[in-house]
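FYI, side chains are in, hydrogens and waters are out, and symmetry mates aren't considered; it's all heavy atoms of this structure. The model shown is predicted, which means the values in this text are computed figures rather than measured ones.
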Amino acid sequence: SVDAGVYRSLIANRRVVEASGGLVVISASAMNQLMGSLIRNSGRISASSIVSNGGQIELVADTVVNKGTISANSSAPASVLANGGQVSIVANTINLRPSSVISASANNLGNGGVISLSANNSENISGKILAHSGILGGQGGVISTVSKNQLTIDSGTVVNASSVTSTLGQAGTWLIQAANVLIDSN
């Protein structure tokens, strides 16, 4: 039998979850019991740091819907080498709405971070996904969008894993992997 609390667990964030440079893990249920669980973010989830590398954020549920901001950035002073952090979303269904911003970037001097979006069923990408280097130099980051079935990329979506100053670093990587990929041009 399945406990009703496990079957339909819901986590909704409308405000702020913050762990400066640290670790944020939000799981609507155990990974092997994802049925019906939902994480809905319309606020801000942050593991950004103003003194060192960006932190790490992990979201795990049956369905993850993001309309807000998820950030693991580094905003360290220009004299400090500090890299973007890591953001990982694992779900059966991932929906990033047009207002969604996911960022693991370096703002001054440092490499872009890593963003991993992994869906067992479908992934709908909209909004902004950013893992770029700092403006003073660094390598671009890595963005991975993986779906075992359908991956839809809406028109107007911004994906940036670049080296902001191309003379001081190399571009990053955007991995697109799915059984079916639809890039909406409307």
Side-chain angles (χ1 to χ4, degrees), residues 11-28 38-50 52-61 63-76 82-91 93-108 110-119 122-135 138-147 151-165 171-176 182-184 186:
I11 297 173
N13 175 44
R14 294 184 192 106
R15 302 216 190 279
V16 176
V17 175
E18 187 165 5
S20 182
L23 172 66
V24 176
V25 177
I26 301 176
S27 177
L38 171 64
I39 295 175
R40 183 180 307 141
N41 178 49
S42 58
R44 183 169 61 95
I45 300 171
S46 176
S48 294
S49 174
I50 59 170
S52 65
N53 294 332
Q56 185 174 354
I57 299 171
E58 297 179 18
L59 305 180
V60 180
T63 301
V64 174
V65 178
N66 186 53
K67 296 191 280 185
T69 299
I70 300 171
S71 63
N73 296 324
S74 169
S75 297
N83 301 318
Q86 298 177 17
V87 175
S88 174
I89 300 176
V90 178
T93 303
I94 297 173
N95 286 310
L96 305 181
R97 303 296 169 90
S99 59
S100 171
V101 176
I102 298 177
S103 183
S105 298
N107 287 334
N108 288 312
N111 300 326
V114 176
I115 298 173
S116 174
L117 307 174
S118 180
S122 66
E123 193 170 318
N124 184 27
I125 296 175
S126 195
K128 295 179 182 177
I129 305 172
L130 312 169
H132 58 74
S133 72
I135 59 172
Q139 312 297 335
V142 176
I143 298 171
S144 172
T145 51
V146 177
S147 177
L151 172 62
T152 303
I153 303 167
D154 290 342
S155 66
T157 300
V158 174
V159 177
N160 183 349
S162 70
S163 173
V164 175
T165 53
T173 302
W174 178 18
L175 170 69
I176 301 173
L182 172 64
I183 300 175
D184 186 358
N186 291 333

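Going from atom CD of Gln86 over to atom CD of Glu58 covers 8.0 Å, rounded to the nearest 0.5 Å. Expressed to the nearest 0.5 Å, how far CD1 of Ile102 lies from CD1 of Ile94 amounts to 8.0 Å.
Counting non-hydrogen atoms of other residues, nucleotides and ligands closer than 6.0 Å to CD1 of Ile50 gives a total of 12 or fewer.
Contacts of Ser46 classified as side chain to side chain contact (heavy atoms under 4.5 Å, CB included), with partners at least two apart in sequence or in another chain: Glu18, Arg44, Ser48, Ser71. Legend: residues meeting side chain to side chain donor-acceptor pair (under 3.5 Å) with Asn160, ordered by chain and number and at least two apart, are Ser162. Applying the side chain to side chain donor-acceptor pair (under 3.5 Å) criterion to Asn111, with sequence neighbours excluded, gives no partner residue. The side chain to side chain donor-acceptor pair (under 3.5 Å) check on Ser100 picks up Asn66, with sequence neighbours excluded. Looking at residues two or more places apart in sequence or on another chain, you find a side chain to side chain contact (heavy atoms under 4.5 Å, CB included) between Thr157 and Ile125, Ser126, Ile153, Asp154, Val159. For the side chain to side chain donor-acceptor pair (under 3.5 Å) test, no residue two or more places apart in sequence or in another chain qualifies with Asn124.
Counting only heavy atoms from C-beta outward, the side chains of Leu96 and Ile129 approach each other to under 4.5 Å. When side chains are defined from C-beta on, Asn41 does not count as touching Leu59, because their heavy atoms never get closer than 4.5 Å. Residues Leu175 and Val142 are not in side-chain contact: their nearest non-hydrogen atoms beyond the backbone lie 4.5 Å or more apart.
Between the side chains of Asn83 and Ser74, no donor-acceptor pair is found at a separation under 3.5 Å.
A side chain to side chain contact (heavy atoms under 4.5 Å, CB included) with Leu151 is found for exactly one of Ile176, Val146, Ile183, namely Ile176.
Of all heavy-atom pairs between Ala104 and Val87, the closest is CB-CG2, 4.5 Å. The two residues Ser133 and Gly138 come nearest to each other via the heavy atoms CB-O, 3.3 Å. Closest approach of Ser20 and Ser49 over heavy atoms only: OG-CA, 4.0 Å. Nearest approach of Ile115 to Ala131, heavy atoms of both residues: CD1-CB, 4.3 Å.
In this structure, the side chain of Ser75 does not engage the main chain of Asn107 through any donor-acceptor pair within 3.5 Å.
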